[in-house]
Amino acid sequence: MAPLNKNHDDEPWWADGQRSEPVGCCSVCPVASGCPLRSQTALRCAVTGDQPPPPPPGIAPDLAESVGQDPVVAMAETVSWADVTAAVAEQAPSRDGGGNDPDWGRLQPFRNLLSIAVVSFLPVGGTTAARWVADSISSSGITAPVLTPLGFVLAGTGAVFLGQLVPGLTGFVCALAWKALVLTGRGLVRLVRSPRGWIITRPALWAAGIGVLIVSWRAATHFLTGAS
């Protein structure tokens with residue numbers, strides 16, 4: 001076959017019957033179809049630098065037969081999620097933004113576990129604090145655990161305050177009771193604002209949280225099983 005051009009170097013390999021197809025490392029590469037750097041005359045792989053390129057990871061024959069050859073090749077060429085997870089875990093910072101080591105003491109496990117035990121197992125008036133919160137929410141609404149104790153406190157202090165206006169022994173006793181209530185209130189405020197305030201605030205918060213969980217569990221059980 002006569003050459004199409006005078007310059008043989010410009011002719012494709014198939015234009016001359018005396019020239020053979022160039023064989024390079026890309027001709028046997030299993031991922032050459034998707035490689036932007038493939039070349040029919042390259043003697044070394046432009047990506048890995050090997051000649052020939054390393055074969056893809058081996059796949060069990062039973063897996064290849066069950067899912068087909070194309071999905072197996074695609075899966076073999078993807079990066080293992082286990083390797084990615086391990087790399088991310090190794091690179092994850094073990095310190096906070098200020099360069100300090102993690103301080104697990106900030107979770108205060110002793111205080112939280114003690115508060116959970118008190119509100120869950122310590123009986124008060126035939127029930128526990130968490131169950132009282134749950135029963136109050138179920139019977140009177142979400143605001144009952146707050147408004148019910150507040151109502152008793154306001155009623156008692158209001159009666160003592162008005163009793164001071166009554167002449168005689170009743171007024172004298174109410175005046176003493178009012179002074180005791182004022183001193184007690186100031187002491188409670190100081191205790192709550194002090195470092196030991198968690199003795200009051202932490203059990204109250206856990207009682208509210210666990211009470212809401214109990215109500216949610218009761219509602220889920222009733223919805224799924226019809227139990228009362």
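What's counted below: heavy atoms across the whole structure, side chains too, no hydrogens, waters or symmetry copies.
- Contact detail for P145 and I137: the closest heavy-atom pair is CG-CG1, 3.7 Å.
- Interatomic distance, OG of S216 versus CG of L213, reported as 6.0 Å (0.5 Å rounding).
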With a cut-off of 3.5 Å and sequence neighbours excluded, list every side-chain donor-acceptor pair involving residues 147-162.
| unit_1 | atom_1 | unit_2 | atom_2 | d |
| --- | --- | --- | --- | --- |
| T148 | OG1 | A144 | O | 2.9 |
| T157 | OG1 | V153 | O | 2.8 |
| T157 | OG1 | L154 | O | 3.2 |

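- There is no path of hydrophobic side-chain contacts, each under 4.5 Å, that joins L205 to V212.
- To the nearest 0.5 Å, the span separating OG on S120 from CD1 on I214 amounts to 7.0 Å.
- I142 and W132 fall within a single hydrophobic cluster, where Ile, Leu, Val, Met, Phe, Trp and Tyr side chains are chained together by heavy-atom contacts under 4.5 Å.
- The main-chain N or O of D135 is never found under 3.5 Å from a side-chain atom of S138 such that the two would form a donor-acceptor pair.
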Give the C-alpha distance, both sets of side-chain angles, the deciding distance and a yes or no for side chain to side chain contact (heavy atoms under 4.5 Å, CB included) between L188 and I200. CA-CA 9 Å; L188 288 176; I200 298 177; 4.2 Å; yes
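- Checked options T201, I116, L113, V133; the residue passing with W206 is I116 (criterion: side-chain contact (heavy atoms from CB on, under 4.5 Å)).
- In the hydrophobic clustering of this structure, F121 does not group with F110; members are Ile, Leu, Val, Met, Phe, Trp, Tyr whose side-chain heavy atoms approach within less than 4.5 Å, directly or through other members.
- R202 pairs by the side-chain hydrogen bond (donor to acceptor under 3.5 Å, both in side chains) definition with Q108, N112, not counting sequence neighbours.
- Each salt bridge (charged side-chain N to carboxylate O under 4.0 Å, His left out) pair with one or both residues in residues 109-128, not counting sequence neighbours, would appear here, but there are none.
- The two residues G211 and A134 come nearest to each other via the heavy atoms O-CB, 3.6 Å.
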